[in-house]
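Every heavy atom of this structure was used, including side-chain atoms; hydrogens, water molecules and symmetry mates were not. Naming convention: chains lettered A, B, ... in sequence-line order (proteins, then strands); numbering from 1 in each chain.
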Amino acid sequence: MKYSYFPGCTLRTKARDLDAYARVSARALGFELEEIDNWQCCGGVYPLGSDEIATKLSSVRALNEAKEKGQDLVTLCSACHHVIKRVNDDMKNVEDIRTRANNYMKLAEPYEGETEVLHFLEVLRDRIGFDELKKKVVNPLTGKKIGAYYGCLLLRPGKIMAFDNPENPTIIEDFIRAIGAEPVVYPYRNECCGGYISLKEKDMSKNMCNNIMDSAAGFGAEMLITACPLCLYNLNKSGNGKLPVHYFTELLAEALGVKEEALQTLTSDKEVAE
Amino acid sequence: MQELINRAKELLADGTVARVLGWKAGDLPYNPEPAYFETEESLKDFVYNGFCGANLSKYMIEASKLEGKTMVCLKPCDTYSFNQLIKEHRVDRDKAYIVGVGCKGKLDIEKIKKQGIKGIQSIQGAEITDDAETLTIQTIYGEKTCAYKDGMLERCHVCKGKEHQIYDEIIGESKDTKDADRFDEVRRIEAMRPEEKFAFFQSELSKCIRCNACRNVCPACSCRKCVFDSNKFDSSQKANVDSFEEKMFHIIRAFHVAGRCTDCGECSRVCPQGIPLHLFNRKFIKDIDELYGEYQAGEDTDSKGPLTNFTFDDAEPSIVTERG
Amino acid sequence: MSTEKKQAELIKEISGVNPLKCMKCGKCSASCPSFNEMDIKPHQFVSYVANENIEELVNSKSLWKCLSCFACVERCPRDVKPGKLIDAARQLVVRQKGQNYLTPDEIPELLDPELPQQLLVSAFRRYRR
Amino acid sequence: MQRIGVFVCHCGSNIAATVDVKRVAEMALMEPGVVHAEDYQYMCSEAGQALIAKAIEEKQLTGLVICSCSPRMHEATFRKAAERAGLNPYMVEIANIREHCSWIHKDMEEATKKAVILMRAAVAKVNLNTPLQPGESLVTKRALVIGGGIAGIQTALDIADAGYEVDIVEKEPSIGGRMSQLDKTFPTLDCSACILTPKMVEAAAHEKINIYTYSEVEKVSGFVGDFTVDIRKKARSVDMDKCTGCGVCQEKCPSKKAPSEFNRGLNNRSAIYTPFAQAIPNVPVIDREHCIKFKTGKCGVCSKVCQAGAIDYDQKDEIVTEKYGAIVVATGFDIIKLDNYDEYAYSQSKDVITSLELERIMNAAGPTSGHLERLSDGKAPKEIVFIQCVGSRCSDDRGKSYCSKICCMYTAKHAMLIRDKYPDVNVTVFYIDVRTPGKNFDEFYRRAVEQYGVNYIKGQVGKVIPQPDGKLLVQGSDLLDNKQILKEADMVVLAAAIEPNPDVRKIATMLTASIDTNNFLTEAHAKLRPVESPTAGIFLSGVCQGPKDIPETVAQAGAAAVKAIGLLAKDKLMTNPCTAKPDETLCNGCSTCANVCPYGAITYEDKEIFDHGIRETRRVAQVNSALCQGCGACTVACPSGAMDLQGFSNRQIIAEVDAICR
Amino acid sequence: MSIEAKEEFRPKIVAFCCNWCSYAGADLAGSSRLSYPADVKIIRVPCSCRVNPMFILRAFEKGADGVIMCGCHPGDCHYSTGNYYARRRMTLLFSMLDYIGVENGRTRVEWVSAAEGVKFSTTMNEFVEKIYSLGKNVRLEDIRCRN
């Protein structure tokens with residue numbers, strides 16, 4: 001099975017590991033992430049204004065490319081996922097945006113939201129199945145108490161993202177169970193880490209991240225996992241350091257026994273870069 | 001076409017259907033007419049080409065009463081009418097074996113003639129297997145050509161799409177022909193001053209000879225007896241003696257099919273006087289779309305039509321004045 | 001039309017929000033993680049727009065404190081979505097030249113080695129035209 | 001050709017002062033069909049009516065036109081007069097020359113001209129009138145009440161007290177409904193069971209009331225006065241006649257893990273059970289899903305311990321068919337599922353509960369024997385937070401758009417009861433608006449604030465955050481203080497929106513009773529006929545029609561009973577003869593008319609039709625004249641003109657149009 | 001329009017009124033002595049949904065200069081839903097009349113309750129005024145019907 005894959009800017013730079021672990025894990029699970037050609041940054045935030053078109057075009061381009069290949073579009077970074085899924089919803093359901101975007105794009109065939117946008121986690125849940133995943137685990141992370149940190153972008157607005165119950169999600173918990181560890185449910189898992197506010201208002205972010213850390217630790221978590229590079233950065237940078245934070249793909253790769261493989265690509269990439 | 005005939009023969013032979021409803025060649029190269037075929041032998045007269053514009057769904061009302069199934073050839077746009085007839089319990093789905101036939105746009109001989117092509121002996125390029133780009137016409141004055149597009153019926157330029165809404169199987173390829181918005185002409189009239197509108201319709205409708213061809217061909221006008229023929233309204237058919245008559249007739253006709261008309265365009269196609277009757281139906285369709293939400297009759301077989309439905313906050317009739 | 005009226009209309013248009021749907025339940029303010037940093041509170045955005053009190057709204061520091069975390073959007077029982085309103089007000093400001101909340105020369109001192117690309121990109125989108 | 005008499009009334013000077021009545025009468029004689037015309041001082045008087053009777057007899061009149069006041073005034077009078085004189089009452093038409101003419105015009109010439117035209121229109125119509133006979137149908141003097149809650153019980157009692165047989169169908173094993181789950185009732189705080197159980201007993205003991213519990217309505221046919229209903233009596237596995245209600249079986253039943261519906265799943269019950277101690281009938285049912293005997297074939301303990309030999313594992317569902325003249329729907333409500341409101345952590349913490357669960361906790365017969373305690377650890381709570389409007393007043397599709405109406409009051413009740421019984425417990429209520437219209441209601445709420453010190457905070461709650469130590473952090477708005485507050489609580493109580501019982505959709509379809517977008521049954525008229533369904537013979541009782549508290553429910557239940565009694569008191573129903581009638585030879589069978597009929601009066605039948613020498617089976621419309629109310633929507637929807645309205649036929653109305661425009 | 005012309009032209013106006021609200025509203029206008037021109041003649045129908053577009057065209061055919069339909073306010077229909085259907089039918093019909101060039105204003109729908117005698121009378125005064133300003137209906141009249 002092949003999926004079109006939109007890595008996004010951060011997965012090419014600071015979050016190369018999030019990407020590398022995902023790719024090796026995908027291979028181990030029997031599917032392939034085919035990076036789409038010439039993707040452009042999604043913009044990081046979904047433009048809320050009903051009159052914004054230009055800022056949505058990079059997503060439309062990516063979506064259309066996946067459509068032309070007849071593939072679903074997979075994302076990893078929460079922000080990319082949020083932006084692309086919402087733009088896709090616009091293209092499907094908001095006539096005005098659809099018409100104007102297509103006017104700009106001048107495609108051979110207008111894009112009307114045909115592509116299905118999937119988060120990597122959704123691929124695991126809906127396409128592979130957590131039971132299947134469980135069978136492929138070679139290093140179960142038995143005994144690890146892990147708190148899932150969702151943040152806001154994957155879940156809200158619930159109707160459009162349709163990712164999970166926005167107030168009581170279970171997908172990452174189910175994932176944690178599948179890799180053999182024990183999920184720790186804590187109430188702040190869908191509260192905001194501060195997002196981009198941390199650039200200029202470190203204090204605000206600090207407060208929020210501490211709440212998250214304290215709550216998770218209070219319920220017995222030993223680590224947090226997330227899908228979002230910005231959440232990871234904020235939790236590490238602004239949080240009180242009570243708990244380590246990892247990408248979920250890292251744990252996945254570890255459980256599947258392919259972590260080493262990923263680390264090798266990461267070091268070789270680094271060498272190339274240097 | 002051969003594929004269609006072969007399939008028809010098979011279905012007749014294995015007893016799936018008792019008859020085939022299609023078209024047979026007419027006396028001229030461009031006037032095939034609807035026909036039943038009951039034997040494999042008779043299928044030699046079967047044709048299906050660019051001139052087979054007739055919507056056969058209405059024939060299924062009668063065919064539904066006959067013994068056994070009827071194989072009926074329906075173009076994509078005809079299937080909307082068929083669905084609408086199912087919704088109104090006028091045809092029996094189980095009595096029909098629907099072969100969705102491909103369509104590359106249907107031709108209007110009047111349009112071809114208007115280009116100065118007279119004395120037609122034969123026409124090439126209108127077969128369903130052709131690419132529907134150019135028509136080559138042998139006339140008594142020599143060979144002429146005409147772009148397929150330029151010979152197409154108005155309705156094909158505003159085609160609803162080449163997807164069959166209901167079928168048992170599909171035979172033949174289709175080609176997209178839509179290159180205009182179906183409401184453009186309605187908008188043009190709407191923009192006129194009242195006197196201009198009146199003059200326009202006066203001149204068009206004064207051509208009406210009340211031959212009832214529009215009514216007879218319309219798949220939505222399928223009443224056993226038309227109100228204009230019954231004494232229920234003291235409105236039974238009178239000779240065409242004054243201008244009001246046709247106005248009343250055509251408004252009521254359009255009103256009676258409002259919300260049920262699939263915009264198949266048969267009324268205009270068959271009008272011997274060339275009156276653009278579809279402009280009435282499309283006006284209602286446009287109003288319904290704008291006021292009550294987009295609705296395409298015949299898209300399904302169970303939804304409520306716009307005139308048998310309502311919402312609490314529908315527009316008031318005064319909107320007609322307000323939107324000017 | 002007065003400038004403020006025009007601006008109020010513009011905010012309604014950009015956001016697609018009808019402030020009259022608000023029933024003043026306060027759910028947005030109850031959900032907002034930035035509540036304490038804001039001078040005009042989420043539930044008040046609605047009345048500022050409805051009352052065409054735009055001058056004060058666009059000068060409010062709340063514009064720059066909203067995280068776009070959509071908690072208010074998700075939970076609003078009346079489909080009012082204060083988060084969208086505040087974003088539209090922010091748009092109104094950044095679309096005017098020279099009104100950017102973030103300038104390129106500010107950036108170097110805000111950077112650190114781990115800072116992800118995503119942060120810069122998002123902040124730019126939110127703070128600048 | 002009709003022989004029409006025209007009678008012009010002076011109405012003293014009311015008409016005659018402005019209209020030349022003599023001239024109207026003279027002009028009438030020139031109209032086709034008119035063989036008699038006269039004027040008189042007061043046509044409606046006895047002498048006037050005698051004139052009419054005399055003319056009918058002498059001139060052998062077949063139709064009458066009375067030029068007088070509004071038909072809304074005296075149409076009935078003149079119709080009766082005509083009937084007494086041997087003329088079909090529907091051969092009378094009124095020309096309204098008073099309200100619509102003499103009273104609004106000053107110029108005699110002008111008013112007379114108009115009166116003549118109105119007379120002509122009426123004459124033109126009468127020329128096309130046909131005698132109409134009101135239909136008659138017999139009334140089965142028995143009522144069905146669907147639902148055995150307080151609404152159903154009250155309606156049944158009222159109907160039965162009037163002397164008519166009533167059947168109650170209740171799908172649970174006992175009657176009692178929601179009210180039986182409540183602890184105390186507002187605004188008087190009397191115990192719910194104390195006022196409900198006597199009514200339950202009374203209903204059970206009433207000689208005119210027959211109760212089908214653990215039963216459901218399966219099929220309904222017929223129409224007003226003559227419904228036929230199939231009732232499914234679900235297999236109880238216990239013989240109702242033999243069971244003595246001793247309760248030993250429930251005690252000994254080894255399967256005790258079935259969640260108790262009555263206690264909202266807060267504790268468990270045995271597989272053989274009565275929902276609560278005062279159940280009526282006091283006969284248990286076996287829940288086959290949880291019964292070991294039914295699951296494995298082994299067990300049979302209940303059968304062994306039953307002295308009466310009442311246990312019957314082989315019992316099957318039984319269908320009872322009964323006839324009814326009237327049906328009352330009293331299906332009640334449930335509270336919404338809270339899956340869409342997980343920000344309140346209902347599914348994440350045992351100490352976040354609904355108000356209905358709190359009722360059970362507060363109730364002495366409930367899972368905690370009436371002790372206020374946390375379900376997680378059994379500890380007594382010190383801080384309780386109530387959250388209002390959970391799922392009510394939501395215009396998004398998460399919840400319900402309406403106000404559930406009862407929550408403000410029951411929350412005040414809960415708050416007050418807790419503060420009264422446990423003065424050291426602090427109670428906080430987050431509210432959007434406090435709505436207390438009702439007798440002694442606002443006083444009640446103010447008492448909670450002023451006398452009991454309940455802390456009311458205006459603002460919604462954004463999130464309930466369970467803490468590692470088991471406390472609940474409530475993050476809410478205080479709009480009046482313009483603050484976001486974090487309040488630590490031991491227990492959170494949600495005022496979940498109420499919704500019509502989900503079964504009502506199925507029942508409404510069977511009854512062809514209309515239902516609104518929220519699944520509440522629609523009343524025939526929002527103001528003037530609030531307890532009747534637009535479908536004749538169907539009445540609405542209680543919350544199935546809209547949110548209501550107990551006093552309102554009881555009042556409406558009584559009103560529904562009166563309407564049903566009014567129907568049952570008649571031996572025969574005279575139906576309005578001005579109903580729709582299809583011309584079967586013209587009918588296309590297209591269903592368009594049925595789509596617009598608000599009364600479900602139109603059905604289709606495959607009928608043999610003889611038309612123009614052809615005999616064929618056609619699908620044609622049939623109007624049930626007992627259901628048709630004569631609005632005429634179908635007549636315009638019908639494209640072929642097959643459907644017409646008697647008394648207001650197409651030709652009659654066109655004749656009036658023609659006469660006016662002549 | 002000059003005064004002489006006004007004297008010459010007396011319009012024919014047909015008003016369809018539903019039995020339960022508007023006809024009663026007209027009765028109330030009468031008992032309150034609220035006058036409106038005698039040109040208006042009322043036809044009683046059970047419900048606005050009984051008014052067939054054919055009746056309206058028929059009136060014009062026979063020489064009516066204006067046709068007005070009155071019914072219960074939406075939501076107050078005696079038959080619950082009749083006026084909702086009528087509203088759609090009339091909207092589409094009026095739009096079609098406008099489309100073929102019949103002067104706007106010769107047709108009107110007004111919701112008049114049984115309590116709105118004043119509204120009934122004002123509406124009729126306005127409508128008659130409008131028809132005077134439009135003059136004789138020539139576009140929809142059947143010439144054979146002219147006397």
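Proximity to chain C is limited to the side chain of A/Pro166, based on heavy atoms less than 4.5 angstrom apart. Contacts of C/Ile11 with chain A are absent, with no heavy-atom separation under 4.5 Å from either backbone or side chain. In this structure, chain C has heavy atoms under 4.5 Å from both the backbone and the side chain of A/Ala79. Only the side chain of A/Cys77 comes within less than 4.5 Å of a heavy atom of chain C; its backbone N, CA, C and O stay farther away.
Listed here is the closest heavy atom pair of C/Ala123 and A/Leu199: CB-CD2, 3.5 Å. Looking at every heavy atom in both residues, C/Val121 comes nearest to A/Gly43 through CG1-O, 3.1 Å. Closest heavy-atom contact between C/Cys66 and A/Ile197: O-CD1, 4.3 Å. Nearest heavy atoms, C/Pro33 versus A/Met208: O-CE, 3.5 Å. A/Val45 and C/Ser122 get closest at one heavy-atom pair: CG1-CB, 3.6 Å.
Distance check: C/Ser68 OG to A/Tyr46 OH gives 12.0 Å after rounding to the nearest 0.5 Å. One finds the CG atom of A/Asn236 at 8.0 Å from the CD atom of C/Glu114 (value rounded to the nearest 0.5 Å). Taking CD of C/Gln118 as the reference point, atom OG1 of A/Thr13 lies at 9.5 Å (rounded to 0.5 Å). Taken to the nearest 0.5 Å, the CZ atom of C/Phe70 stands 4.5 Å off from the CG atom of A/Leu48. Separation of atoms CG (C/Leu67) and SG (A/Cys193) is listed at 8.5 Å; rounding is to 0.5 Å.
Of the possible donor and acceptor atoms, none in the side chain of A/Thr10 sits under 3.5 Å from a partner among the backbone N and O of C/Pro116. A/Lys14 places a side-chain N or O within 3.5 Å of a backbone atom of C/Pro113 that can act as its donor or acceptor partner. Between the A/Arg156 side chain and the C/Cys69 main chain, a donor and an acceptor come within less than 3.5 Å of each other. Under a 3.5 Å cut-off, the side chain of C/Glu74 and the backbone N or O of A/Gly158 do form a donor-acceptor pair. Looking only at distances, a side-chain donor or acceptor of A/Ser50 sits under 3.5 Å from a matching main-chain atom of C/Ile14.
Ionic pairing of A/Lys200 and C/Glu37 is not present here: no N-O contact between side-chain nitrogen and carboxylate oxygen is shorter than 4.0 angstrom. Salt bridge A/Glu201/C/Lys65: present, at least one basic N to carboxylate O contact under 4.0 Å.
Chosen from C/Asp87, C/Val73, C/Leu115, the residue pairing most often with chain A at heavy-atom distances under 4.5 Å is C/Leu115. Of the listed residues A/Cys41, A/Ala15, A/Cys9, the one with more heavy-atom pairs under 4.5 angstrom with chain C than any other is A/Cys9. Put simply, of C/Gly83, C/Ser34, C/Ala88, the one with the most heavy-atom pairs under 4.5 Å next to chain A is C/Ser34. The choice from A/Gly194, A/Pro47, A/Gly195, A/Cys42 that makes the most heavy-atom pairs within less than 4.5 Å of chain C is A/Gly194.
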Please test A/Glu52 against C/Arg95 for salt bridge (Lys or Arg N to Asp or Glu O under 4.0 Å), starting from the C-alpha separation and ending with a verdict. CA-CA 12 Å; A/Glu52 299 245 1; C/Arg95 284 180 193 185; 3.3 Å; yes
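Atom CG of A/Asn38 has 12 or fewer heavy atoms from other residues, nucleotides or ligands within 6.0 Å. Within a 6.0 Å radius of CD in A/Glu35, more than 12 heavy atoms belonging to other residues, nucleotides or ligands are found. Taking a 6.0 Å sphere around NZ of A/Lys92, one finds it holds 12 or fewer heavy atoms contributed by other residues, nucleotides or ligands.
Residues C/Asp112 and A/Tyr233 have side chains that bring a donor and an acceptor to within less than 3.5 angstrom of each other.
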